[in-house]
Amino acid sequence: MKYVLAFAVLAATPAFAQDFGTGERVFSFDLGLGATVGPEYPGSDEGEVSPWVIWRNAGFGTGAGGTKQGFSISPSFGTVGERDTADYPELSGLNDIDRAYELGLRVSYGAGPVTAYGSLRRGFDGHEGLTGEVGAKYRTELSDRLTLWSGAELVYGDDEFNNTYFGVTAAESAASGLAETQPGGGLNEAAISFEAKYAMTENTALLGEIRYGKLIGDAADSPVVQEEYQPSLRLGVTRRFSFGF
């Protein structure tokens, strides 16, 4: 229901991209909705379709939606889908995991076509650990409307996060037959990505992303993991918001 409401707001508001107020400082961000095809749970060898709530390019500066240069700080949001072990015979005996919602900050630095970034988020509901990414992207502008990014990143999880999704407690081991596992905090995935943005209007764009991740470290060695390689595909539509102060 919340995704339907968000889409209704996007579709019904005709002036998302207007600058409000007369101040010189403008807070801008891209907001949109789409769909993701990716692993059913971290380490799954099966895929599923899920909603994609798009929030990106947030910060103070121009309202035109251009790539920011220098340092910037913005909110960072994330979700991890639920894991209902009744749906996965290979996980029988493990505890269910609720959908997790993540909130934190993202710091980035843009220098010409290159943007380096790092993020850190705290989870709620499904997990209560810390997770985030460090990486970089390279921008290629093929035309006034079409922009491509190629990137690479490393994903981090603390011991709370990694134990939630890749650990097996003694009780779960006895119930499932899987080896007891307690992964520590650290890097759990390395990924490359290719992203394309097509500007339909000045403030509305189609967005697509192909991401190819591989679990590493303790995560890759977990008996929960059915497949180390974790590809995903995302497609969505974004609109640009700009608020002047």
Side-chain angles (χ1 to χ4, degrees), residues 2-38 49-79 103-119 121 133 135-153 192-211 232-245:
K2 61 185 176 183
Y3 299 114
V4 175
L5 291 175
F7 182 81
V9 172
L10 280 171
T13 304
F16 270 140
Q18 295 179 353
D19 291 346
F20 297 90
T22 58
E24 295 182 356
R25 291 184 65 80
V26 177
F27 182 74
S28 303
F29 57 90
D30 295 333
L31 178 66
L33 289 174
T36 298
V37 180
V49 179
S50 59
W52 179 27
V53 178
I54 306 167
W55 164 278
R56 57 180 58 199
N57 299 328
F60 287 94
T62 175
T67 300
K68 295 178 176 59
Q69 299 294 292
F71 282 104
S72 63
I73 299 176
S74 63
S76 178
F77 304 101
T79 63
L103 175 63
L105 291 175
R106 173 187 171 103
V107 178
S108 61
Y109 182 82
V114 178
T115 299
Y117 60 89
S119 63
R121 298 180 299 276
E133 307 86 19
K137 291 185 177 182
Y138 184 87
R139 183 182 77 255
T140 303
E141 296 182 358
L142 297 183
S143 70
D144 292 341
R145 291 182 177 270
L146 182 61
T147 305
L148 302 180
W149 289 267
S150 55
E153 69 178 15
I192 58 174
S193 63
F194 301 93
E195 181 181 324
K197 180 179 180 180
Y198 181 78
M200 296 185 293
T201 68
E202 182 180 358
N203 300 298
T204 304
L206 293 174
L207 195 65
E209 180 187 76
I210 297 174
R211 184 178 185 276
S232 64
L233 171 66
R234 290 175 166 180
L235 296 172
V237 179
T238 66
R239 293 294 301 270
R240 188 72 177 167
F241 290 80
S242 296
F243 297 92
F245 295 90

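Numbers here are sequence positions counted from 1.
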Q | Distance flag, aromatic centroids of Phe194 and Trp149, threshold under 6.0 Å | A | no
Q | Pair Thr147, Glu141: side-chain N/O donor-acceptor within cut-off below 3.5 Å | A | no
Q) Hey, what do you get for OG (Ser50) to CZ (Arg234), rounding to the nearest 0.5 Å? A) 8.0 Å
Q.
Within this structure, what is the CH2-CG distance for the pair Trp52 and Leu235, rounded to the nearest 0.5 Å?
A. 7.5 Å
Q: Drop me the distance from Ile210's CD1 to Ser150's OG, to the nearest 0.5 angstrom.
A: 12.5 Å
Q: Apply side chain to side chain contact (heavy atoms under 4.5 Å, CB included) to the pair Ser28 and Arg240, showing each step before the final yes or no.
A: CA-CA 7 Å; Ser28 303; Arg240 188 72 177 167; 3.0 Å; yes
Q. Can you find a pair of side-chain heavy atoms, one from Trp55 and one from Pro75, that are under 4.5 Å apart?
A. yes
Q. Under a 4.5 Å cut-off applied to non-hydrogen side-chain atoms, are Leu207 and Arg56 in contact?
A. yes
(Q) For the residue pair Arg106 and Tyr117, would you count it as a cation-pi contact if the rule is NZ or CZ under 6.0 angstrom from the ring centre and within 45 degrees of the ring axis? (A) yes
Q. Can Thr238 and Thr204 be said to form a side chain to side chain contact (heavy atoms under 4.5 Å, CB included), step by step?
A. CA-CA 6 Å; Thr238 66; Thr204 304; over 6 Å; no
Q) Does a donor on one side chain sit under 3.5 Å from an acceptor on the other, for Thr115 and Ser108? A) no
Q. Distance from Arg239 atom CZ to Phe29 atom CZ, nearest 0.5 Å?
A. 12.0 Å
Q: First locate atom CG of Leu31, then atom CZ of Phe241, and finally report the distance between them rounded to the nearest 0.5 Å.
A: 4.5 Å
Q) Of all residues at least two apart in sequence or in a different chain, which pass the side chain to side chain contact (heavy atoms under 4.5 Å, CB included) check with Ser232? A) Arg211
Q. Is there a side-chain contact between Met200 and Leu206, using heavy atoms and a 4.5 Å cut-off?
A. yes
(Q) Evaluate Glu133 against Arg121 for side chain to side chain contact (heavy atoms under 4.5 Å, CB included), listing each step before the verdict. (A) CA-CA 9 Å; Glu133 307 86 19; Arg121 298 180 299 276; 2.6 Å; yes
Q | Nearest atoms (heavy-atom pairs only) where Thr201 meets Arg145 | A | N-NH1, 4.3 Å
Q: Could you tell me the separation between the OG1 atom of Thr36 and the CG atom of Leu233, rounded to the nearest 0.5 Å?
A: 8.0 Å
Q.
According to side chain to side chain contact (heavy atoms under 4.5 Å, CB included), who are the partners of Leu105, at least two apart in sequence or on a separate chain?
A. Ile73
Q: Salt-bridge test for Lys137 and Glu195: reply yes if a basic N is under 4.0 Å from a carboxylate O, no otherwise.
A: yes
